[in-house]
Amino acid sequence: MDADGLSKSSLRPTVKRSLERALAGRPLDRDEIIELLQSHGPEVEALRAAADEVRRRSVGDAVHLRGVIEFSNYCRRNCLYCGLRAGNGDLERYRIDPDEIVDIAGRAGKLGYRTIVLQSGEDVTYDADTLVWVVRRIKGDLDAAVTIAVGDRPRDEYKAWREAGADRYLLKHETADPELFSRLRPGTALAERVEHLRWLKELGYQVGSGNMIGLPGQTIASIADDLLLLRELDVEMAGIGPFIPNDQTPLADRPGGSLDQTLITLATARLVLPFAHLPATTATGSIDPRGRQKALSFGANVIMPNVTPGRYRQDYRIYPNKICLTEEPENCRPCVEAIITSLGRTVGRDYGHSPKAGFGPGRVEPTA
Ligand code: 5AD
Ligand code: SF4
Ligand code: FES
């Protein structure tokens, strides 16, 4: 970034110093993170510019695409915020057959996707062996990385999928506040989720986690703790998006997370986790028509387009007004490419593995 960005007299001196420290590659402490999360006025543009610079240096200009197959909207859990919760009787439920999942992956492969994400609610009717079969088939048929995102499972199931060739696992921690976690996700605990994330790391997955912004009862300090937890876990990816109230859930009347706080958190995440993949999330794109574009200029470097066939999409209704509900995979692919090129960025053509040691062709060294 140019020196002018940081010399604006209207930045609080401590904010200016934090941004300079981050640009020099030094880790931010909790107080600095809290302060950056409260950026306002011209500080927001200075934060954005710093995050954009760190993003460019550490992960480059390529935006990696992950094609997401939402293969089942059944869920055994009852998370208060989520439309897939078991208690939501107003949702038409579907399960896609393993054979059809493999076909959909092939269709995504033809569109150029080099990562396939297998995502569902917590639906244990897809047992360990079924998903082993799906992963093997996709890895055998396509030159693509496979990500699994099916929630909490026993360690030996994570292990079986890893051995079948799965590269990555997504398991969001949702909030680093243990009380809020258990209140919003009845019957579950943050400590267990963190334990699972550690298992996934041990098993050699590239691990994605992340959290929502604007959850009822969430504070700025707790968002700082989200970023510190992501740093402590040394995640390869962090998905950060706004909470969007859903009419079919107990949180229907609560306010949603704001675009501004989401973008500020994303930019701060880029400073805290320079080498992580940070998606411009679908939720961010769903609360603002230019949400994903904005996210890409606030530190994000991944987009996860939906590759689920149109006839299922309407029913994977986690929150209202989700983008692309009436599209087919063939529509979203050129659409995201246009978004990326309009920003002067490029579409990643390889797997988009983590640039951290051990995952990709070679570690990108910090230049700061
Ligand atoms: N608003 C935004 N994101 C949500 N998720 C679930 N419910 C909502 C909501 N109401 C996200 C969570 C979860 C994933 C399935 O979707 O982060 O991990
Ligand atoms: Fe199920 Fe995940 Fe939704 Fe919770 S957030 S109800 S576990 S799909
Ligand atoms: Fe689906 Fe734009 S990404 S239509």
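As a basis for the values below, the full set of heavy atoms in this structure was taken, side chains included, without hydrogen atoms, waters or symmetry mates. In listed order, ligands and their atoms are each counted from 1. Model, not experiment: these values are computed from the prediction.
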Near E174 (heavy-atom distance under 4.0 Å), the atoms of ligand 1 are 12 (C), 13 (C), 17 (O), 18 (O)
Among R292, E328, E327, E337, the residue with a heavy atom nearest to atom 4 (S) of ligand 3 is E327
A student checking ligand 1 against F243 at a 4.0 Å heavy-atom cut-off should list atoms 1 (N), 2 (C), 10 (N)
(Q) For the residue pair T125 / R95, report whether a side-chain donor-acceptor contact shorter than 3.5 Å exists. (A) yes
Go through the side-chain N and O atoms of R292 and T282 and say whether any donor and acceptor fall under 3.5 Å apart. no
query: R76 near ligand 2, heavy-atom distance under 4.0 Å?
result: no
Nearest non-hydrogen protein atom to atom 3 (N) of ligand 1, with distance, is M212 SD, 3.5 Å
Once the angle between the rings of W161 and Y158 is folded into 0 to 90°, is it parallel (under 30°), tilted (30 to 60°) or perpendicular (over 60°)? perpendicular
Query - Salt-bridge contact R349-E337 (side-chain N to carboxylate O under 4.0 Å) - result: yes
R85 heavy atoms within 4.0 Å reach ligand 2 at atoms 6 (S)
Under 4.0 Å between heavy atoms, the region of Y319 that gets near ligand 1 turns out to be side chain
Nearest non-hydrogen protein atom to atom 8 (C) of ligand 1, with distance, is I318 CG2, 3.5 Å
Check your understanding: In terms of side-chain heavy atoms, does N301 have a donor or acceptor partner in H64 at a distance below 3.5 Å?
Key -> no
Logged contact type for C79 with ligand 1, heavy-atom cut-off 4.0 Å, is neither
For atom 2 (Fe) of ligand 3, the closest protein heavy atom turns out to be C335 SG, 2.2 Å
Next on the checklist: Under a 3.5 Å threshold, yes or no: a donor from one side chain and an acceptor from the other, between N306 and E70?
Outcome noted: yes
Below 4.5 Å, heavy atoms only, C-beta onward: do M237 and L170 meet side chain to side chain? yes
Ligand 3 to V336, heavy atom cutoff 4.0 Å, flagged ligand atoms 3 (S)
- Near-ring test F71/Y94, centroid separation under 6.0 angstrom: no
Mind checking whether V235 and L229 have side chains closer than 4.5 Å, heavy atoms only? no
Filtering L184, I244, L251, N211 for the heavy atom nearest atom 10 (N) of ligand 1 leaves I244
When distances are taken from atom 1 (Fe) of ligand 2, the protein heavy atom at minimum range is C75 SG, 2.2 Å
Quiz item: Looking just at side-chain N and O atoms, do N211 and E174 make a donor-acceptor pair shorter than 3.5 Å?
Solution: no
Under 4.0 Å, counting heavy atoms only: does P245 come that close to any atom of ligand 1?
no
Contact region, N246 to ligand 1, non-hydrogen atoms below 4.0 Å, reads neither
Heavy-atom proximity to atom 6 (S) of ligand 2 ranks first, among S72, C79, G151, for C79
min-distance protein heavy atom vs atom 2 (C) of ligand 1 -> P242 O, 3.1 Å
In terms of its nearest heavy atom to atom 3 (S) of ligand 3, the top option of C324, P305, A338, P334 is C324
ask   = Are V347 and L65 side-chain neighbours, meaning at least one heavy-atom pair lies under 4.5 Å?
value = yes
>> Under a 3.5 Å threshold, yes or no: a donor from one side chain and an acceptor from the other, between T175 and D177?
In response: no
If you scan protein heavy atoms around atom 3 (Fe) of ligand 2, the nearest is C82 SG, 2.3 Å
